[in-house]
Amino acid sequence: MSATASPHTSLLHLPHRPFGPRRPRLTRLRCLASLAPASSGASPENEDHLIQTLCAHGRLARAAALLQGLPAPTQRTYESLLLAAARAGDTALAAAVHRRLEADPVFCSDPFLSTRLIDAYAALSALPAARQVFDEAPVKNIFVWNAMLKALALADHGEEALACLSDMGRLGVPIDSYSYAHGLKACIAASALHTPASARVREMHAHAIRRGYGLHTHVATTLIDCYAKLGMVSFAEHVFTSMPDRNLVSWSAMIGCYAKNERPGDAIQIFQEMMASDADLVPNSITIVSVLHACAGVNALGQGKVLHAYILRRGFDSLVSVLNALMAMYMKCGCLEIGRYIFNWIGRRRNVVSWNSLISGYGMHGFGRESIQVFEEMIEEGISPSIITFISVLGACSHAGLVEQGKKLFESMVEYNVTPHAEHYACMVDLLGRAGRLVEAVELIQSMRIQPSPQVWGSLLGACRIHGHVEYAEMACSHLFDLEPRNAGNYVLLADIYARAKLQNQVDVLKELLEEHALEKVPGYSWIEVKKKLYSFGSVDNKIPQLEELQALIGEFVTQMKNEGYVPDTRSVLYDIEEEEKERILLGHSEKLAVAFGLINTGSGEVIRITKNLRLCEDCHSVTKFISKFTDREIVVRDVNRFHHFRDGVCSCRDYW
DNA sequence: TTAGGGTTAG
């Protein structure tokens, strides 16, 4: 574990500034209350005003009682009550106002109040009631239609929302930018096998272009978000670059698009472009959270620290969401202790996300017992664990090989009213499988009441690779090839298992399958950040800086290691080639190049931090252990699953990963 | 009157 960066000390001293709407002063309420007690013959104007003030203070029972006696409530009074009911989650009050409205000759057909009623019912998750208001509304203007559309789209009733939109078209209701924005969300929510969401979004995009809304700021921003969610990054980029007016939200959506789609480097770059393009574009907390997420994604600690300073300067450290993201960034960049420090600093404001971050932080660094301890502290504090809490703590047990503790936690889930999802089973199969308890892992899969997800079978396959179990690997693949036929990784893993079992014929069959279906293995990449600049290394990349120098250095280490009895572990090289050639391929693995680059370009006391997009291979693991001892350098490698802290020839994972 | 972007896992 390491913590070379020291957090800004003013983190401790900045005052906590609560955010949120200001409430009216209570003295005004008391004043009004004394003016117009419910029992006296106060004027209706005053009572109207009093109800509104009571609503603003959340005193809904009294406001509702007053409404009963009021002969002619104003539009504003109805609105206040509906907004307050939605805010307080009081469905009964919304229904009471609804009944009163129906009997009101002045407002019973007011479209403004129909809109508010639909909004309120939607916020209260009372969709049938919202639908009823809509169906019975005598006057349906564009606001009423859009409110219904929004209610359906946000409640994930995609098909119904799209039907609503086509009704609008059929009845000649003009479709505006709001309709498009909600309609696009509905496309994502509407999942149908025969019509994929991507086709629907593209169709609605084309429709918006035809009606002149394609470049409207809000519509285009929603388009970026939709394409981001569908993984269609180039479509999002196209919309973004064609927009005539981009505001902070448009930029943030594009940053989020890259961050969500595993292109954190681009997310950071576009954030920097935004900062350079217009002084009026001032990032807000949402922008910051997205960029922190991206920094965490590429292990860009230097960039993350720049953001940390920015957060302190602008007072964003009063927001728990920002601090949670900051803490996660530090832990994902290898600085577990700073993460813990920020968690402590959040103090009593911490929420379930803060706890989950810390639990998974310990887990990914291999500190299973600490992770469980944090989980127990969380329970003691009365926080209800979520689905993610259990994924985090079970994952931690898996990384540390804590089988019995993991089983106990898994069984305890029902006590906390958390139903095991496929993800939890995947963690358990991983935990049992890694520990070599493959039979138990298979029995667990067979006992599942829900359909095993690809992750569940993938965990089993991974375990089979570690323990060389061909039969179960074939079983896992018979499901995986069905569930995700285009995932080359599964074919490669099985080929690897066959190769280790010396079943070269089977390896060749799989390679042919890969070629036949034009499936490509995800190439291995490693990153390193030196002086706040990211350098990436691919094993098939010719544009690597200082390549010859790096190769020479790695060669020297390997020669030295061979003198001490090291034999290169060429099992990860699947090609049927000479052993010598396999060794040459191993020398070019991206993580070795990145480590060598770090050795040459950083100061002698500095920790070398590498990120790898795949699992660390056995040979690189051995070589890195040796380099850490030989050069007396601490090397932290984050692979796709976890952290490896190399120091003095030993890895923190104790060769269990 | 309405709207657009974010936090924790594997």
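Below, chains carry the letters A, B, ... as their sequence lines are ordered, and counting in each starts from 1.
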- For A:N141, answer base if it contacts any base atom (sugar-phosphate contacts may also be present), sugar-phosphate if it contacts only those atoms, and nothing otherwise; contact means non-hydrogen atoms under 4.0 Å. base

- Hey, does A:N324 reach any base, or is it just sugar-phosphate, or nothing, if we go heavy atoms under 4.0 Å? base

- By salt bridge (Lys or Arg N to Asp or Glu O under 4.0 Å) - contacts of A:E160 (at least two apart): A:R131

- Message: Taking any heavy-atom pair under 4.0 Å as a contact, classify A:N351: base, sugar-phosphate, or nothing.
- Response: nothing

- Query: Which part of the nucleic acid does A:Q455 contact within heavy-atom distance under 4.0 Å: base, sugar-phosphate only, or nothing?
  - Reply: nothing

- Any residue meeting side-chain hydrogen bond (donor to acceptor under 3.5 Å, both in side chains) with A:H421, in chain and number order, not counting sequence neighbours: none

- Message: Base, sugar-phosphate or nothing for A:T217? Non-hydrogen atoms, less than 4.0 Å.
- Response: base

Show the atom names and distances, to 0.1 Å, of all donor-acceptor pairs under 3.5 Å that link a side chain in residues 254-270 of chain A to residues at least two apart or in another chain.
unit_1 : atom_1 : unit_2 : atom_2 : d
A:Y258 : OH     : A:E237 : OE2    : 2.4
A:N261 : ND2    : A:A228 : O      : 3.0
A:N261 : ND2    : A:C257 : O      : 2.9
A:R263 : NE     : A:D266 : OD2    : 2.8
A:R263 : NH2    : A:E237 : OE2    : 3.4
A:R263 : NH2    : A:D266 : OD2    : 3.0

- Message: Tell me if the aromatic rings of A:F235 and A:H205 count as close, with their centers under 6.0 Å from one another.
- Response: no

Ignoring hydrogens and angles, write down the donor-acceptor pairs under 3.5 Å from the side chains of residues 371-382 of chain A, residues two or more places apart or on other chains.
unit_1 : atom_1 : unit_2 : atom_2 : d
A:S371 : OG     : A:I359 : O      : 2.9
A:E381 : OE2    : A:R350 : NH2    : 2.6

- Query: Checking all strands, does A:H424 fall into the base, sugar-phosphate, or nothing category for heavy-atom contacts under 4.0 angstrom?
  - Reply: nothing

- Query: What is the nucleic acid contact for A:S177, judged by heavy atoms within less than 4.0 Å: base, sugar-phosphate only, or nothing?
  - Reply: base

- Message: Using a 4.0 Å heavy-atom cut-off, does A:N284 contact any base of the nucleic acid, only the sugar-phosphate backbone, or nothing at all?
- Response: base

- Sequence neighbours excluded, which residues qualify as salt bridge (Lys or Arg N to Asp or Glu O under 4.0 Å) partners of A:R116? A:E79, A:D119

- Message: My understanding is that only residues two or more places apart in sequence, or in another chain, count here; which of them pass side-chain hydrogen bond (donor to acceptor under 3.5 Å, both in side chains) with A:D639?
- Response: A:H644

- Give A:L248 one of three labels, base, sugar-phosphate or nothing, depending on what nucleic acid heavy atoms sit under 4.0 Å from its own. base

- Message: Students should find this one: the first and last nucleotides of DNA chain B, 5' to 3', lying under 4.0 Å from a heavy atom of chain A. What are they?
- Response: B:dT1 to B:dG10

- Mind checking what makes salt bridge (Lys or Arg N to Asp or Glu O under 4.0 Å) contact with A:R202, not counting sequence neighbours? none

- Message: Does anything in residues 388-400 of chain A come within less than 4.0 Å of DNA chain B? Heavy atoms only, and list the residues if so.
- Response: A:I388, A:I391, A:S392

- Is the number of heavy atoms from other residues, nucleotides or ligands under 6.0 Å of A:R211 CZ greater than 12? no

